[in-house]
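Encoded as structure tokens, the structure appears first; notes follow it.
Remember, it's 1-based here, ligands and their atoms both numbered in the order they're listed. Heads up: numbering here begins at 1 and tracks the sequence.
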Amino acid sequence: MSFTIKQPESPDEFRQYYDLRWRILRAPWGEPEGSELDGIEDQCFHIIVTNNEKTVGVGRLQYNSADEAQIRYMAVAKEHERNGIGRRIVNALEQEAINKNISTVMLDAREPAVGFYQNLGYSIDMKSYVLFNKIQHYRMIKRLTAQHADTRS
Ligand SMILES: CC(C)(COP(=O)(O)OP(=O)(O)OC[C@H]1O[C@@H](n2cnc3c(N)ncnc32)[C@H](O)[C@@H]1OP(=O)(O)O)[C@@H](O)C(=O)NCCC(=O)NCCS
């Protein structure tokens, strides 16, 4: 199976991007369509992975300060999990941070995803918030240097 990693550009790519985000990260908790968006989408860096023009993985980098970026809204379609798609998205988001001379990437990981991020070099900083009264999150951090960028694809 061949996967393409890129920034979404066309209206259809953005539609599929937000739809996957909603299906994986919001719909299972009964959250309505639209709840997957926040007010700063146009200021963020977005990545999609597609297979035959179907979006199967997404992720976003937001710029918290001149020196810190945050990964949010990571989602891979269930049937494509554990194929390295999440790793490729995180690598692309980290590369964007490196390109912007940002040295720290942080994120709030859902408890079941903590092991995924540990695999990619993130360390738990502290327990953070509970989403929808159900999903415990953990603040995780990685300090980046160009040499540390994981080049596996
Ligand atoms: C978490 C998620 C993004 C991971 O994406 P993925 O494409 O399945 O992950 P990859 O295949 O790239 O995994 C990379 C490595 O992490 C490991 N890994 C993946 N998910 C893991 C998990 N939940 N726990 C522990 N390790 C995990 C993989 O085995 C792989 O290790 P390897 O390189 O040694 O083989 C995906 O499972 C997902 O969308 N989950 C539901 C939504 C979610 O929780 N999003 C994160 C919100 S913070």
Side-chain angles (χ1 to χ4, degrees), residues 1-8 13-41 43-65 68-98 102 104-144 147-153:
M1 210 172 271
S2 98
F3 297 104
T4 302
I5 184 162
K6 59 179 300 219
Q7 291 176 255
E13 284 171 342
F14 272 104
R15 186 191 57 73
Q16 289 199 49
Y17 168 64
Y18 292 123
D19 183 61
L20 184 65
R21 208 196 253 185
W22 175 71
R23 281 190 283 125
I24 302 291
L25 297 172
R26 293 290 179 267
W29 289 271
E31 297 295 314
E33 280 187 73
S35 63
E36 75 281 9
L37 298 165
D38 62 31
I40 58 165
E41 301 297 349
Q43 297 155 43
C44 294
F45 179 80
H46 306 278
I47 283 288
I48 58 174
V49 169
T50 64
N51 173 240
N52 290 330
E53 297 184 16
K54 188 168 177 270
T55 296
V56 296
V58 297
R60 183 182 97 170
L61 191 78
Q62 72 184 52
Y63 310 103
N64 288 347
S65 70
E68 182 190 272
Q70 178 172 358
I71 291 179
R72 294 192 68 187
Y73 302 118
M74 283 288 304
V76 172
K78 268 250 161 295
E79 64 274 24
H80 291 292
E81 280 186 318
R82 304 276 177 148
N83 274 328
I85 293 173
R87 176 193 295 281
R88 289 184 68 181
I89 295 170
V90 170
N91 287 349
L93 298 177
E94 289 177 355
Q95 190 56 57
E96 164 66 10
I98 289 167
I102 289 171
T104 302
V105 175
M106 54 78 68
L107 53 87
D108 287 301
R110 294 177 178 213
E111 193 154 28
V114 164
F116 164 71
Y117 292 112
Q118 283 174 326
N119 229 291
L120 302 186
Y122 288 77
S123 306
I124 294 178
D125 181 38
M126 62 179 186
K127 233 176 179 175
S128 51
Y129 62 93
V130 177
L131 183 67
F132 309 140
N133 278 326
K134 288 196 181 79
I135 316 169
Q136 179 64 56
H137 281 67
Y138 289 82
R139 176 69 44 87
M140 300 186 78
I141 294 187
K142 181 173 178 178
R143 308 228 180 265
L144 297 177
Q147 293 92 314
H148 286 159
D150 185 340
T151 51
R152 273 189 280 176
S153 60

Which atoms of ligand 1 sit under 4.0 Å from any heavy atom of [X]?
| X | result |
| --- | --- |
| I85 | 7 (O), 12 (O) |
| D108 | 48 (S) |
| V76 | 5 (O), 7 (O), 38 (C), 39 (O) |
| G84 | 10 (P), 11 (O), 12 (O) |
| I24 | 41 (C), 42 (C) |
| G115 | 24 (N), 25 (C), 26 (N) |
| N119 | 15 (C), 16 (O), 17 (C), 31 (O), 34 (O) |
| N83 | 11 (O) |

Subject >> Min heavy-atom dist I89 to ligand 1 below 4.0 Å >> reply: no
Original post:
Can you find a non-hydrogen atom of Y117 under 4.0 Å from ligand 1?
Top reply: yes
Between the candidates [options], which shows the shortest non-hydrogen contact distance to [atom]?
| atom | options | answer |
| --- | --- | --- |
| atom 23 (N) of ligand 1 | P112, A113, P28 | P112 |
| atom 43 (C) of ligand 1 | H80, H137, R88, M74 | M74 |
| atom 37 (O) of ligand 1 | M140, R110, E111, E81 | E81 |

Original post:
Taking the side chain as C-beta and beyond, is there a heavy-atom pair between V130 and H137 under 4.5 Å?
Top reply: no
**OP:** Check E94 against L120 and note the closest heavy-atom contact, atom names and distance.
**Re:** OE2-O, 4.4 Å
May I ask you to check if ligand 1 and [X] share an N or O to N or O distance below 3.5 Å?
| X | value |
| --- | --- |
| L120 | no |
| A109 | no |
| R87 | yes |
| A75 | no |
| G86 | yes |

**OP:** Taking atom types as modelled, find out whether N83 and E81 have a side-chain donor-acceptor pair closer than 3.5 angstrom.
**Re:** no
Original post:
When you look at CD of E79, are more than 12 heavy atoms from neighbouring residues, nucleotides or ligands closer to it than 6.0 Å?
Top reply: yes
Original post:
Is the number of heavy atoms from other residues, nucleotides or ligands within 6.0 Å of CE (M126) greater than 12?
Top reply: yes
Using a strict threshold of under 4.0 Å (side-chain N to carboxylate O), is an ion pair present between [Y] and [X]?
| X | Y | result |
| --- | --- | --- |
| R72 | D38 | yes |
| R23 | D19 | yes |
| R60 | E41 | yes |

**OP:** Would you mind telling me which of V56, T4, T55 makes a side-chain contact (heavy atoms from CB on, under 4.5 Å) with I48?
**Re:** T55
Subject >> Y117 vs L107, side chain to side chain contact (heavy atoms under 4.5 Å, CB included): CA-CA, chis, key distance, verdict >> reply: CA-CA 9 Å; Y117 292 112; L107 53 87; 3.5 Å; yes
**OP:** Measure up the Y18 and H46 rings against each other and bin them: parallel (under 30°), tilted (30 to 60°), perpendicular (over 60°).
**Re:** perpendicular
